Amino acid sequence: MAEPPDPPKSGLEWATPAVREMQADPFANPGLFWLEKGRAIFARKSGAADRACADCHSPADLEGVAARYPVVRDGRVVNLERQINDCRQARMEADPLPLESEPMLSLALYLRSLSAGRPVDVAVDGAAEPFFERGKALYRERRGQMNLACFQCHDERAGQWVRGEQLSQGQINAYPAYLLRWSGVGSTHRRFRFCDDQRVAEPRPLGSEAYLALELYLAWRGNGLPVEAPAVRR
């Protein structure tokens, strides 16, 4: 098994003081608007079954749950967004929420907030092992015109400066996060696509099996880090 960073460090450690202050201030954190939208969606009935998330789950029931995602279930990687849509289709008889849509991001952010401060605790043994191994291979795969792999920035050069920005370990304990460059909340997979663009590689589809395996591997790399929600990044 690969070795995680020792110690793992949140991207917040490389954020500017202004970004840190924005995340810490409940009156300045722009992610809170999205979180409150998610709270409303959680309580809103939907679908042919006329059910809401709150009809099956109380917020107290879900404390700490998101810190364990992604999980591997029924032979596939299930991240928080996939779990939301599984529940919507099976329990609420509702249409799935489009990935990267405001309702999906808002609800995912709200659910993550119920685990804020809890340590990431993602399991990669047993049925998860082949998906973990694929994610590890993708992390080390050179792609694009720049022939770069994730580890070259986030392992070998963490803390160094590139294009006026300090490289982090690439931890995902803060996602979905409010990114100032996007003026909105974005998912882990959108961040993967951004990195693919940066190395001039063809971005994979949101929700692709490759990105799900990579998400599982990266979540494991951050085991022990606190969930940050709502988080702010540049």
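The analysis underlying the following values was restricted to heavy atoms, covering all of them including side chains, and did not include hydrogens, waters or symmetry mates. Everything numeric here is computed off the predicted structure, so don't read it as measured data.
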Could you tell me whether Glu156 atom CD has more than 12 heavy atoms of other residues or ligands within 6.0 Å of it? yes

Would you indicate whether the side-chain heavy atoms of Leu216 and Val122 approach each other to under 4.5 Å? yes

With a 4.5 Å limit on heavy-atom distance, are the side chains of His189 and Glu81 in contact? no

Would you tell me whether Glu100 and Ser187 have side-chain atoms, one donor and one acceptor, within less than 3.5 Å of each other? yes

Do Tyr175 and Met104 sit in the same hydrophobic cluster, where Ile, Leu, Val, Met, Phe, Trp and Tyr count as joined when their side-chain heavy atoms come under 4.5 Å apart? no

Using side-chain heavy atoms (C-beta onward) and a distance below 4.5 Å, is Lys136 in contact with Trp220? no

Can Leu32 be reached from Leu179 by stepping across I, L, V, M, F, W or Y side chains whose heavy atoms are under 4.5 Å apart? no

Ala54 and Ala43 have their tightest heavy-atom pair at CB-CA, 4.2 Å

Does a side-chain heavy-atom distance below 4.5 Å link Ser106 with Leu35? no

Which is it for Tyr110 and Glu36 under the side-chain contact (heavy atoms from CB on, under 4.5 Å) test, yes or no, and what are the steps along the way? CA-CA 7 Å; Tyr110 172 66; Glu36 290 305 320; over 6 Å; no

How close do Val72 and Ala127 get, counting heavy atoms only, and between which atoms? CG1-O, 3.7 Å

Kindly give the heavy-atom pair with the smallest separation between Ala66 and Arg112, and that separation in Å. O-NH1, 3.1 Å

Which heavy-atom pair separates Ala229 from Ala116 by the least distance, and what is that distance? O-CB, 3.8 Å

Could you walk me through whether Phe151 and Arg157 pass side-chain contact (heavy atoms from CB on, under 4.5 Å), step by step? CA-CA 8 Å; Phe151 81 93; Arg157 295 172 176 82; over 6 Å; no

Taking the side chain as everything from C-beta on, heavy atoms only, tell me whether Gln169 gets closer than 4.5 Å to Trp14. yes

Can you check whether Pro176's main-chain N or O pairs, donor with acceptor, with Arg191's side chain at less than 3.5 Å? no

Do Val78 and Leu114 sit in the same hydrophobic cluster, where Ile, Leu, Val, Met, Phe, Trp and Tyr count as joined when their side-chain heavy atoms come under 4.5 Å apart? yes

With rounding to the nearest 0.5 angstrom, report the OG to CG distance, Ser10 to Asn173. 4.5 Å

Donor-acceptor contact present, side-chain Asn85 to main-chain Leu97, <3.5 Å: yes

Are Phe33 and Tyr178 side-chain neighbours, meaning at least one heavy-atom pair lies under 4.5 Å? no

Rounded distance [0.5 Å steps], CZ in Arg68 versus CG in Asn223: 12.0 Å

Salt bridge (charged side-chain N to carboxylate O under 4.0 Å, His left out) partner of Glu228, chosen from Arg118, Arg20, Arg233: Arg233

In sequence, state the C-alpha distance, the side-chain angles, and the governing distance for Tyr211 and Asp196, and then conclude on side-chain contact (heavy atoms from CB on, under 4.5 Å). CA-CA 11 Å; Tyr211 277 170; Asp196 277 334; 2.5 Å; yes

Assess the side chains of Tyr139 and Arg221: does a donor N or O sit below 3.5 Å from an acceptor N or O? yes

Pro26 and Ala24 have their tightest heavy-atom pair at CD-O, 3.3 Å

Is it true that Asp95 and Arg88 make a salt bridge, defined as a side-chain N closer than 4.0 Å to a carboxylate O? no

Nearest-0.5 Å distance, OG of residue Ser168 to CG of residue Leu12: 11.0 Å

Value rounded to 0.5 Å, distance of CE in Met146 from CD in Gln198: 8.5 Å

To the nearest 0.5 Å, how far apart are CG in Leu107 and CD1 in Ile41? 6.0 Å

Are side-chain heavy atoms of Gln171 and Pro5 found at a separation under 4.5 Å? yes

Assess, by modelled atom type and distance only, whether the side chains of Gln145 and Arg199 contain a donor and an acceptor separated by less than 3.5 Å. no

Determine, step by step, whether Leu206 and Arg193 satisfy the side-chain contact (heavy atoms from CB on, under 4.5 Å) criterion, reporting the C-alpha distance in whole Å, the side-chain angles of both residues, the deciding distance to 0.1 Å, and the verdict. CA-CA 8 Å; Leu206 297 166; Arg193 288 174 63 90; 3.6 Å; yes

Are Arg204 and Glu141 ion-paired here, with the side-chain N under 4.0 Å from a carboxylate O? yes

Under a 4.0 Å threshold between the charged nitrogen and the carboxylate oxygen, would Glu209 count as salt-bridged to Arg82? yes

Under 3.5 Å: donor-acceptor pair, side chain of Asp55, backbone of Ala52: yes

Tell me whether the count of non-hydrogen atoms from other residues, nucleotides or ligands lying under 6.0 Å of CZ in Arg76 goes above 12. yes

For Asp61, I'd like to know if atom CG has over 12 heavy atoms of other residues, nucleotides or ligands within 6.0 Å. yes

Test of understanding: clusters of I, L, V, M, F, W, Y form through side-chain heavy atoms closer than 4.5 Å, transitively. Do Leu99 and Met92 belong to the same one? no

Minimal non-hydrogen separation, Leu80 against Tyr69, with atom names: N-CD2, 3.9 Å

Does a side-chain heavy-atom distance below 4.5 Å link Glu215 with Phe192? yes

Same hydrophobic cluster for Phe194 and Leu214, using side-chain heavy-atom links shorter than 4.5 Å among ILVMFWY? yes

Taking atom CZ of Arg234 and atom CE of Met22, what is their separation to the nearest 0.5 Å? 12.5 Å

Atom CZ of residue position Arg143 - does it have more than 12 heavy atoms of other residues, nucleotides or ligands inside 6.0 Å? yes

